Structure formats: structure tokens, C-alpha cells
Amino acid sequence: MTENQNRVAPVTGAAQGIGRGIALRLAQDGYDVAIADLDFQKEKGEGVVKEIEELGRKAVFVALDVTDKDAFEKAVDTTAEALGGLHTLVNNAGIAQVKPILEVTEEELEKIYRINVHSVFFGIQAAVRKFEEQGVKGKIVNAASIAAVKGFPILSAYSSTKFAVRGITQAAAQELAPKGHTVNAYAPGIVGTGMWDLIDEKLHEVNGKPIGQNLKENVDSIALGRIETPEDVAGVVSFFADERSDYVTGQVLLVDGGMLYN
Ligand code: NAD
């Protein structure tokens, strides 16, 4: 295991799912971690804080709506004050929407773009300000998806936001390289979280297949033959978060058990 003593990372959307898995893995790697999630997730988030403390690392819950730029700036300051600096930001929070393209509303587009895309800009801006203040060569890790590499039907809004995350990752990597910061993204496939419960339920409403069937069909198409876990994703984030990836930037790494190939 790589030692990251005294490094600090906020992980957005870390009260549950993939974010929780990433937070726990970074703590195992020696990071102190801020669990940044919506206020209503406080109880779950405090549960993750406890799990991290049991691993012998420091952690705090920071209430944050990632669509609020000022709040993101404050959350970064709060994290740095509480845990002693900032070295990595994991822009993990995101939502899915499952709807035929002809039915997607303006309000839905605005919502998903604010959560999945605007937040990545806000996070990068807030974190880089802090890295520069501290003289730290920082690491930004963004949540993409297999839907960032291939557009998926009935997930047009979601796919388009994840393509955007890929674009931001590539552009930011080039802009921030002269300052010594790296920017990369992880692209999970089918992870068994609340997000896929929702996708399966919505796909059932659209295509009438029994509950669980859409998930099963997708999992059946995975070469490694099993559903993905948050720990599978967290292994890639662990790599992007420390010196093993110092010469890697602007990359979107598929971690999907063998669904898409580049
Ligand atoms: P999840 O729904 O289980 O968890 C998402 C977390 O984000 C929740 O804790 C939620 O409270 C938080 N969140 C939502 N809106 C927020 C906001 N405005 N501000 C702060 N926090 C907010 O989802 P997950 O499956 O763990 O997904 C995490 C990331 O991984 C997302 O970006 C998602 O698009 C991506 N991803 C997931 C899958 C999958 O199969 N589950 C696949 C590819 C990519």
C-alpha cells in the first residue's frame, strides 16, 4: 500500500455508493477525508466518518450542494481547516436521468447539468485556488462513466453530461499541467448502487421489462462476469490520487469489467 500520511481529500457524494467506497479506500491509503454531501445525507455521512475514524484516520462531514459555487469554495476551506490542508479533490457526486430523448424537459437538463457538469468546474476552481495557496501539486479526480465514451439510449442527458466531464478533464489537465496539478477521471460500468436501482426502475417503466431484468442484461454483458463494486472503482481513484499517477494526466480510465474497449 502506498503511504499518504497527512494528505487530505474531500470526496463529493461520499455518504453512500461509489463515493463512500472511495472515501474508505483513500482512508486505507492514509488520507484524511472530508465526506462532502447534501445536508439531508448528514446521518449517513457521519456513519462514513465513523468508519474512517475506525481505520485510524481523521474525517469530517461537510454539508455541500455541489451546484453552489460559493458553498464549494467554503467546503474546501472548511476541509483544509479541519484536516490540515488539501491535496486531492474527488468530484464524485452525480445523478442519472432515464428518459426518452423526446421527453427530456428543460428543467431536467438544467438540473443534471448543474449537478454533473457545473460542479466539476466549481470543484476544480475551488481546489486549485487552495492548492496554489498552499504550494501543493494537487490531484483532481472526476467521475465519468462508460456513458462518457459511448452514448446510451434513454440516457441521453446523462451520457451528454459525462461526455462533458471527459472534455473538462482533458482541457483542465492541459491548462493545469504547468502548475503541476493532474486531472484524471474514472469511468465505471455497472456498479450496484442506488443509482442503478433507479436506472433499472426507470428502464422498466420505459421498456416494460420486469424489475431487475435490465440490470441483469447489462451485467450479463460484462466480460469479467460480475457486477462492479464501489471498491473496484476506488482502486482506480487510489491510483489517480497519489504519486503512482504523477505522469498520468487528462485520462479517462474505463473500470467496467470489460464492457467497452479503447
Ligand atoms: P449514488 O446515487 O449511490 O450516490 C450519489 C451521491 O451523490 C449521493 O450520496 C447523493 O446524496 C450525492 N449527491 C447528489 N446530488 C448532490 C449535490 N447536488 N451535491 C452534493 N452531493 C450530491 O450514485 P453512485 O452510483 O455512487 O454514483 C457516483 C458517481 O459515479 C456519479 O457521478 C455517477 O454518475 C458515477 N457513475 C455511477 C455508475 C453506477 O453504475 N452506479 C456508473 C458510472 C458512473
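Just so you know, these numbers come straight off a predicted model, no measurement behind them. We use all heavy atoms of the structure for the numbers below, so side chains are in, but hydrogens, waters and symmetry mates are not. Order of appearance sets the numbers: ligands from 1, and atoms from 1 within every ligand.
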Checklist line | Lys NZ or Arg CZ of Lys111 over Tyr113 ring: under 6.0 Å, within 45° | finding: no

Item checked: Results of side chain to side chain contact (heavy atoms under 4.5 Å, CB included) for Ser156 - residues two or more places apart only -> Ile101, Val104

Next item on the list: Show the protein residues that qualify under the rule heavy atom under 4.0 Å from an atom of ligand 1, listing them in chain and number order.
Entry: Gly13, Gln16, Gly17, Ile18, Asp37, Leu38, Gln41, Leu64, Asp65, Val66, Asn92, Ala93, Gly94, Ile115, Ala143, Ala144, Ser145, Tyr158, Lys162, Pro188, Gly189, Ile190, Val191, Thr193, Gly194, Met195, Trp196

Would you list the atom pairs, donor with acceptor, under 3.5 Å between side chains in residues 81-90 and any protein atom, with sequence neighbours excluded?
| residue | atom | partner | partner atom | Å |
| --- | --- | --- | --- | --- |
| His87 | ND1 | Val8 | N | 2.9 |
| Thr88 | OG1 | Tyr31 | OH | 2.7 |

Check: Salt bridge or not for Glu46 and Lys42, using N-O below 4.0 Å?
Finding: yes

Checklist line | Audit row: Trp196, Val191, side chain to side chain contact (heavy atoms under 4.5 Å, CB included) steps and yes/no | finding: CA-CA 7 Å; Trp196 249 97; Val191 191; 5.6 Å; no

Margin query: The criterion is side chain to side chain contact (heavy atoms under 4.5 Å, CB included); which residues satisfy it with Glu43, sequence neighbours excluded?
Written below: none

